[in-house]
A.B. asks: 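Attaching a single structure in structure tokens format; questions to follow.
Every value quoted in this text rests on a predicted model; they were computed, and no experiment measured them.
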Amino acid sequence: IEQRRSRRKYLKDPLTLPELSFLLWATQGVQETGPAYSLRTVPSAGARHPFETYLAVRSVESLEEGLYRYLPLEHRLVALPAVEDLPRQMVAGTMDQAFVRRAAVVFLWVCVPYRGEWRYGVHAHKPMLLDAGHIAQNLYLACEGIGCGTCAIAAYDQGRLDALLRLDGRDEYVVYLSPVGRVE
């Protein structure tokens with residue numbers, strides 16, 4: 001916790017698959033399931049867990065560059081259709097924040113608002129935004145523990161990133177993202 005910082009300078013070294021697996025578990029890992037809930041490594045109002053995790057992978061051993069979706073119940077990744085020049089598209093989607101290009105992987109958190117709205121109605125969006133903060137903070141702390149760094153980003157081109165992930169922008173949309181890479 002004492003060493004937690006927003007880090008924008010990444011080494012060229014790739015992440016290993018076990019390191020990525022750990023970061024995914026730390027941010028959305030399932031600890032227990034019941035008939036209508038899952039308890040995860042991050043708190044969520046009413047255990048609604050309204051976020052899906054997508055990855056823009058540039059340099060992770062044993063993974064091809066590309067977009068992936070994390071399936072937390074199975075703790076596995078699903079490859080999405082190929083995207084041309086993904087690092088360039090990620091920089092453009094983050095309003096030309098060049099450090100994004102150097103990240104080994106970018107975590108993109110996508111909100112599925114219905115998961116909270118059915119239970120909390122018009123009051124659902126506040127706890128959903130708090131949930132995004134819990135997820136990002138876990139990523140910060142997990143990164144520090146394995147010699148990596150991250151810098152959460154809320155300044156991005158909504159339409160561009162939603163389109164990149166093939167989201168409709170209404171029932172699913174990007175809310176937050178965090179590039180991750182090895183640091184000195």
Side-chain angles (χ1 to χ4, degrees), residues 1-29 40-45 49-61 63 65-70 72 77 83 85-112 125-162 164-165 167 172-184:
I1 291 173
E2 186 176 296
Q3 295 176 9
R4 194 227 46 91
R5 299 283 182 275
S6 290
R7 301 184 191 277
R8 295 175 182 85
K9 294 181 181 176
Y10 308 121
L11 302 174
K12 292 182 181 178
D13 304 347
L15 266 63
T16 66
L17 201 52
E19 288 169 331
L20 179 61
S21 177
F22 169 69
L23 296 176
L24 287 164
W25 176 82
T27 57
Q28 286 287 286
R40 299 190 187 183
T41 55
V42 291
S44 176
H49 300 287
F51 288 95
E52 293 291 327
T53 299
Y54 287 75
L55 302 174
V57 170
R58 185 187 62 78
S59 182
V60 175
E61 292 175 358
L63 280 181
E65 182 178 291
L67 293 172
Y68 294 83
R69 183 175 178 178
Y70 177 56
L77 294 174
V83 172
D85 198 0
L86 183 57
R88 181 190 58 75
Q89 290 205 46
M90 289 304 301
V91 169
T94 57
M95 302 174 158
D96 297 323
Q97 296 183 64
F99 75 96
V100 173
R101 179 184 309 276
R102 295 183 300 276
V105 61
V106 179
F107 283 65
L108 298 106
W109 293 297
V110 169
C111 188
V112 183
H125 297 130
K126 183 173 79 172
M128 284 190 274
L129 294 174
L130 294 171
D131 287 357
H134 300 314
I135 294 167
Q137 184 67 0
N138 271 27
L139 182 64
Y140 270 94
L141 297 176
C143 282
E144 291 293 334
I146 62 169
C148 289
T150 190
C151 179
I153 297 174
Y156 56 87
D157 183 320
Q158 187 74 55
R160 188 179 289 246
L161 289 183
D162 287 349
L164 182 67
L165 298 179
L167 306 172
E172 291 184 294
Y173 47 87
V174 175
V175 169
Y176 214 15
L177 61 147
S178 262
V180 172
R182 241 180 246 304
V183 294
E184 294 280 338

A.B. asks: Looking only at non-hydrogen atoms, find the nearest pair between Ser178 and Ala152 and report the distance.
C.D. replies: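 It is OG-CA, 3.2 Å.
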A.B. asks: Does a side-chain N-to-carboxylate-O contact under 4.0 Å join Glu184 and Lys9?
C.D. replies: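 No.
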A.B. asks: Evaluate the side-chain proximity of Ile135 to Phe107: yes if any heavy-atom separation is below 4.5 Å, no if none is.
C.D. replies: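 Result no, sub-4.5 Å side-chain heavy-atom pair not found.
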A.B. asks: For residues Tyr70 and Gln28, report the shortest heavy-atom separation together with the two atoms involved.
C.D. replies: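 Answer, listing the atom of Tyr70 first, then Gln28: CE2-CB, 3.8 Å.
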A.B. asks: Return the CG to CD distance between Leu167 and Glu52, rounded to the nearest 0.5 Å.
C.D. replies: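 With rounding to 0.5 Å, CG (Leu167) is 10.0 Å from CD (Glu52).
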A.B. asks: Compare all side-chain heavy atoms of Leu86 with those of Leu164 and state whether any distance is below 4.5 angstrom.
C.D. replies: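 A side-chain contact under 4.5 Å exists here.
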A.B. asks: For residues Arg58 and Met90, determine if any side-chain heavy atom of one lies less than 4.5 Å from a side-chain heavy atom of the other.
C.D. replies: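 Side chain of Arg58 against side chain of Met90, heavy atoms only: no contact under 4.5 Å found.
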A.B. asks: What's the shortest heavy-atom distance between Ala136 and Tyr176, and which atoms?
C.D. replies: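 Taking Ala136 first and Tyr176 second, the nearest heavy atoms are CB-CE2, 3.4 Å.
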A.B. asks: Let me confirm one number: the CD1-CD distance from Ile1 to Gln137, rounded to the nearest 0.5 Å.
C.D. replies: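 Separation between the atoms: 7.5 Å.
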A.B. asks: Kindly say whether Tyr173 contributes a backbone atom to a donor-acceptor pair with the side chain of Asp162 at under 3.5 angstrom?
C.D. replies: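 No; judged by distance alone, with no hydrogens or angles, the pair does not exist.
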A.B. asks: Quick one: are Glu172 and Val112 in side-chain contact, heavy atoms under 4.5 Å?
C.D. replies: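 The answer is yes, as the side chains (C-beta and beyond) meet within the 4.5 Å cut-off.
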A.B. asks: Below 3.5 Å, can you tabulate the donor-acceptor pairs from side chains in residues 125-133 to any protein atom, sequence neighbours excluded?
C.D. replies:
{"residue": "His125", "atom": "NE2", "partner": "Glu117", "partner atom": "OE2", "Å": "2.8"}
{"residue": "Asp131", "atom": "OD1", "partner": "Ala45", "partner atom": "N", "Å": "3.4"}
{"residue": "Asp131", "atom": "OD2", "partner": "Ser44", "partner atom": "OG", "Å": "2.7"}

A.B. asks: With heavy-atom distances below 4.5 Å as the criterion, would you say the side chains of Thr16 and Phe22 are in contact?
C.D. replies: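 No, side chains not in contact.
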A.B. asks: Looking at every heavy atom in both Trp25 and Thr41, which two are closest together, and how far apart are they?
C.D. replies: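 Nearest pair, atom of Trp25 first, then Thr41: O-OG1, 2.8 Å.
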A.B. asks: Would a 4.5 Å heavy-atom cut-off, applied to side chains only, mark Ile153 and Phe99 as touching?
C.D. replies: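 Yes, side chains in contact.
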A.B. asks: Determine whether Trp109 and Thr53 make a side-chain contact, defined as any pair of heavy atoms from C-beta on separated by less than 4.5 Å.
C.D. replies: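 Counting from C-beta outward, Trp109 and Thr53 do come under 4.5 Å.
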A.B. asks: Using the side-chain contact (heavy atoms from CB on, under 4.5 Å) rule, pick out the option among Val180, Val106, Leu67, Leu24 that qualifies with Leu55.
C.D. replies: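 Exactly one pass, corresponding to Leu24.
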A.B. asks: Measure across Cys143 and Thr150 and return the closest heavy-atom pair with its distance rounded to 0.1 Å.
C.D. replies: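 Reported closest heavy-atom pair: SG-CB, 4.1 Å.
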A.B. asks: Might you point out which heavy atoms bring Ala155 and Met95 nearest each other, and give the distance in Å?
C.D. replies: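 Heavy atoms only, the tightest pair is C-SD, 4.0 Å.
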A.B. asks: Got a donor-acceptor contact below 3.5 angstrom from the Arg182 side chain to the Lys12 backbone?
C.D. replies: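 No, the answer is negative, given that no donor and acceptor are paired below the 3.5 Å cut-off.
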A.B. asks: Looking at SG of Cys148 and CG of Leu139, how far apart are the two atoms once the value is rounded to the nearest 0.5 Å?
C.D. replies: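 Cys148 atom SG to Leu139 atom CG measures 9.0 Å (nearest 0.5 Å).
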A.B. asks: Given side chains that start at C-beta, do those of Ile146 and Leu23 come closer than 4.5 Å, heavy atoms only?
C.D. replies: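 They are in contact (side-chain heavy atoms under 4.5 Å apart), so the answer is yes.
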A.B. asks: Whether Arg4 engages the ring of Tyr140 as a cation-pi pair (distance to the six-membered ring centre under 6.0 angstrom, angle to the ring normal within 45°) should be assessed.
C.D. replies: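 Positive - Arg4 is close enough to the ring of Tyr140 and near enough to its axis.
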